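Notes to accompany the following structure.
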Amino acid sequence: MEQVITAIADALFITSNLGEIKKVNRAAQKLFGFSEEELINQPMSLIIDENQVLTQAIYRHSSFKQNSQNFEVVCRTKTREKRLIAFSCSVIPKKIKGLEDIVYIGRDVTARQHREQRTSTQYAITRILSESQSVKQGIPQILQSICQNLGWDLGELWTPSQYIGTSVQGDSINAVLRCVEIWSSRVISVREFKAITWQTTYTPGVGLPGRIWIRRLPLWIQDITEDGDTRRSQPAAEAGLHAAFGFPILDDSEILGVMVFFSRDVQPKDKDLLQSVGSIGSQIAQFIKRKQAEDALVESEERYRDLFENANDLIQSVNASGRFLYVNRAWRETLGYNEAEIANMTIFDIIHPECKQDCLQRFYRLLSGEKFNQIKSAFVTKDGQTIFLEGNVNCKFVEGHPVAVRGIFRNVTQRLAAEEALRHQQKETERLLLNILPAAISKPLKQEPANIAEDFADVTVLFADIVGFTEITASMSAIQVVNLLNQIFSAFDRLTEQDGLERIKTINDAYMVVAGLPTRRLDHAQAIAQMALHMQTAIALFNTENNQNFSIRIGIHSGSVMAGVIDLNNFTYDWGDTINIASCMESQGLVGKIQVTENTYKSLCDEFLFEKRGEIEVKGKGEMTTYLLIGKKR
């Protein structure tokens with residue numbers, strides 16, 4: 001058993017139930033720095049501060065279970081250095097109750113604890129820097145986080161300016177360092193030490209902050225009371241402070257400040273910790289430089305603020321983390337978020353989920369220096385609506401670092417909806433036009449595919465235009481305009497179907513219909529005349545139902561048309577002069593009237609009432625006699 005105990009690599013203690021050490025092995029002596037003689041018959045509290053609490057816990061658990069219990073406790077070496085030890089403890093039963101022994105088998109897990117502390121510190125600093133709106137907001141949190149995560153008791157920030165943020169170029173040999181921020185835990189009383197610190201200044205090379213400033217490297221002091229700092233060594237000793245370390249806040253070769261930390265314990269130099277805090281110093285420096293650039297950007301753009309606020313376009317500026325630096329009035333009103341909400345949001349919080357991945361990629365490409373001419377995206381408003389934006393973005397760089405991504409956008413939601421409605425209507429019209437294939441042409445085409453053309457000598461064409469439509473609808477949205485046209489043209493389409501006519505096309509607020517093709521008919525002029533009168537009635541009914549005041553102007557001409565088939569899906573008309581003359585009858589007609597040419601008049605004068613208008617000038621045709629269709633004879 002002696003040989004086994006001696007060979008165990010882990011530290012072993014056997015104590016009485018009162019915690020008096022009865023036996024130790026060599027590993028225990030080596031770990032804690034005591035000889036066997038210095039440990040035997042000594043209380044376990046020599047190395048474990050909370051030994052009484054630990055002993056009670058062991059007994060409490062052992063009263064229910066006989067297997068060993070595992071604990072991690074802070075221990076002290078002979079030199080009073082802290083060690084985190086993972087103990088496996090068990091109670092050795094004895095015949096006489098109260099004489100039991102306790103066996104401790106311990107393993108040093110301090111290195112693991114330090115790794116975990118450094119990792120958690122790095123994560124906490126990154127989170128603080130990403131969430132802080134300013135340097136003054138972030139620095140106190142950083143001091144507190146480093147102290148609490150690494151187990152130190154006091155942290156300071158030293159800088160040559162009123163607060164960190166003003167850089168000092170070159171060797172900085174004339175800098176005078178003063179403490180501008182202190183954080184301390186509540187377990188220590190450092191009132192006097194703080195008071196002296198606030199009044200103390202250091203020049204480069206003097207004191208811990210001055211030495212770090214001049215060296216531009218992290219520095220460790222095992223015991224500050226033996227460091228020879230005549231200004232603060234004695235106050236530190238009276239406050240119970242011993243170990244200290246510090247690191248520069250350094251961006252490349254430019255130093256901005258120094259952070260210094262103190263512990264109540266004497267601690268040996270930790271090279272891994274110094275390396276870790278060195279990278280933290282660079283991270284803090286980059287944060288400060290970025291905030292400086294953002295502040296300068298906001299200040300430089302302040303002169304344009306009135307212009308931005310009164311712009312109709314949506315203007316925004318976000319930092320490299322996506323947090324908003326500025327949005328204008330149009331942006332707030334369109335998306336519905338107030339300033340307090342915007343301050344706690346990032347641009348990625350309001351991008352529509354379907355666009356988020358693409359926008360993230362574009363954002364990071366902008367930060368890397370890539371340029372985009374124009375982008376489209378979808379944002380989600382406060383009330384859950386989706387709006388579509390189109391505009392330009394660019395990234396502002398200061399000394400090679402991205403500091404702001406700025407965008408100017410236009411709300412194109414209504415325009416896209418109108419375009420989609422018109423596109424759908426156009427596709428439907430094209431589909432109908434491709435299906436206009438007269439039986440006289442389609443039959444031989446199917447039998448022997450070839451180019452076929454046919455002359456339609458007698459057709460009548462009607463052009464109608466809604467007078468003043470553009471002016472009346474100028475104040476309406478695109479969707480409202482499309483809805484109005486759809487109601488009017490749908491009424492006209494029902495009339496064409498009712499009279500067996502063919503609508504050829506609509507152009508904005510103009511409407512074209514023809515009789516006599518693709519199916520020939522002798523009453524083509526009569527059918528169009530009846531259609532024109534019905535259209536006047538339809539527009540009057542529409543005005544009554546919709547509280548509008550539209551007027552319609554109609555022109556009619558009878559003539560010939562050539563129809564051609566190139567292939568099964570391509571059927572076209574060569575209108576010749578017929579369509580031009582019909583269009584002139586409409587454009588040179590009178591508001592609310594139906595103007596027809598003499599050709600049409602001759603076909604209708606026996607059945608319809610007319611009023612002679614006289615002669616008008618028709619481009620390419622000279623003077624032509626025209627008539628106004630009044631109604632049908634009884």
Side-chain angles (χ1 to χ4, degrees), residues 429 432-433 436-441 451-465 492-493 495-497 499-507 510-536 552-566 570-590 593-630 632:
T429 300
L432 293 173
L433 287 176
I436 301 175
L437 199 61
I441 294 177
N451 292 346
I452 297 177
E454 184 172 359
D455 181 36
F456 290 80
D458 297 310
V459 300
T460 298
V461 178
L462 176 151
F463 264 95
D465 183 70
F492 291 171
D493 287 344
L495 293 176
T496 62
E497 294 176 6
D499 295 329
L501 307 176
E502 192 66 40
R503 186 187 79 168
I504 299 303
K505 61 182 175 179
T506 61
I507 305 173
Y511 192 89
M512 176 183 174
V513 64
V514 65
L517 64 80
T519 303
R520 300 175 187 275
R521 58 191 297 176
L522 297 176
D523 65 341
H524 54 86
Q526 288 82 357
I528 286 293
Q530 195 67 44
M531 169 74 177
L533 294 171
H534 288 162
M535 290 173 77
Q536 288 183 325
I552 191 168
R553 185 172 56 220
I554 300 174
I556 301 173
H557 173 61
S558 300
S560 62
V561 174
M562 178 68 72
V565 179
I566 298 173
N570 195 348
F571 178 61
T572 62
Y573 295 110
D574 180 9
W575 298 96
D577 289 334
T578 301
I579 191 171
N580 294 329
I581 295 172
S583 178
C584 285
M585 289 301 103
E586 179 273 314
S587 62
Q588 296 178 235
L590 302 176
K593 302 294 184 180
I594 304 168
Q595 181 169 251
V596 305
T597 61
E598 193 166 13
N599 283 5
T600 305
Y601 168 76
K602 289 177 180 179
S603 300
L604 298 175
C605 60
D606 292 337
E607 302 176 44
F608 291 84
L609 297 173
F610 288 92
E611 176 185 323
K612 186 175 182 179
R613 184 185 179 189
E615 294 184 347
I616 65 170
E617 184 70 25
V618 177
K619 185 178 180 181
K621 292 297 179 180
E623 292 186 347
M624 295 184 68
T625 303
T626 64
Y627 298 83
L628 300 178
L629 174 61
I630 305 302
K632 191 170 184 180

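Predicted, not measured: the structure shown is a model, and the values here were computed from it.
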Please check if the side chain of [X] supplies one atom and the backbone of [Y] the other of a donor-acceptor pair under 3.5 Å.
| X | Y | value |
| --- | --- | --- |
| Arg521 | Ala527 | no |
| Gln588 | Glu617 | yes |
| Thr600 | Ser558 | yes |

Report the C-alpha distance between Val596 and Phe608 in whole Å, list the side-chain angles of each, state the deciding distance to 0.1 Å, and finish with yes or no for side-chain contact (heavy atoms from CB on, under 4.5 Å). CA-CA 12 Å; Val596 305; Phe608 291 84; over 6 Å; no
What are the two closest heavy atoms between [X] and [Y], and how far apart are they?
| X | Y | answer |
| --- | --- | --- |
| Ser560 | Thr578 | O-OG1, 2.7 Å |
| Leu533 | Ile630 | CD2-O, 4.0 Å |
| Leu501 | Ala515 | CD2-CB, 3.4 Å |

Identified side chain to side chain contact (heavy atoms under 4.5 Å, CB included) partner of [X] from the options [options]:
| X | options | value |
| --- | --- | --- |
| Ile552 | Glu586, Met535, Lys593 | Met535 |
| Phe463 | Ile579, Ile554, Ile556, Val513 | Ile579 |
| Val618 | Glu623, Met585, His557 | Met585 |

Taking atom [atom1] of [X] and atom [atom2] of [Y], what is their separation to the nearest 0.5 Å?
| X | Y | atom1 | atom2 | answer |
| --- | --- | --- | --- | --- |
| Asp523 | Glu607 | CG | CD | 9.0 Å |
| Asn599 | Thr625 | CG | OG1 | 11.0 Å |
| Thr496 | Tyr511 | OG1 | OH | 4.5 Å |
| Glu611 | Gln595 | CD | CD | 11.0 Å |
| Asp465 | Arg553 | CG | CZ | 5.5 Å |

The criterion is salt bridge (Lys or Arg N to Asp or Glu O under 4.0 Å); which residues satisfy it with [X], sequence neighbours excluded?
| X | value |
| --- | --- |
| Arg613 | none |
| Lys612 | none |
| Asp493 | Arg503 |

Give me the ring orientation class for Phe610 and Tyr601: parallel if the planes are under 30° apart, tilted from 30 to 60°, perpendicular past 60°.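 Ring orientation of Phe610 relative to Tyr601: perpendicular.
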Side chains of Asn580 and Lys621: does their closest heavy-atom pair fall under 4.5 Å?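 They are not in contact (no side-chain heavy atoms under 4.5 Å apart), so the answer is no.
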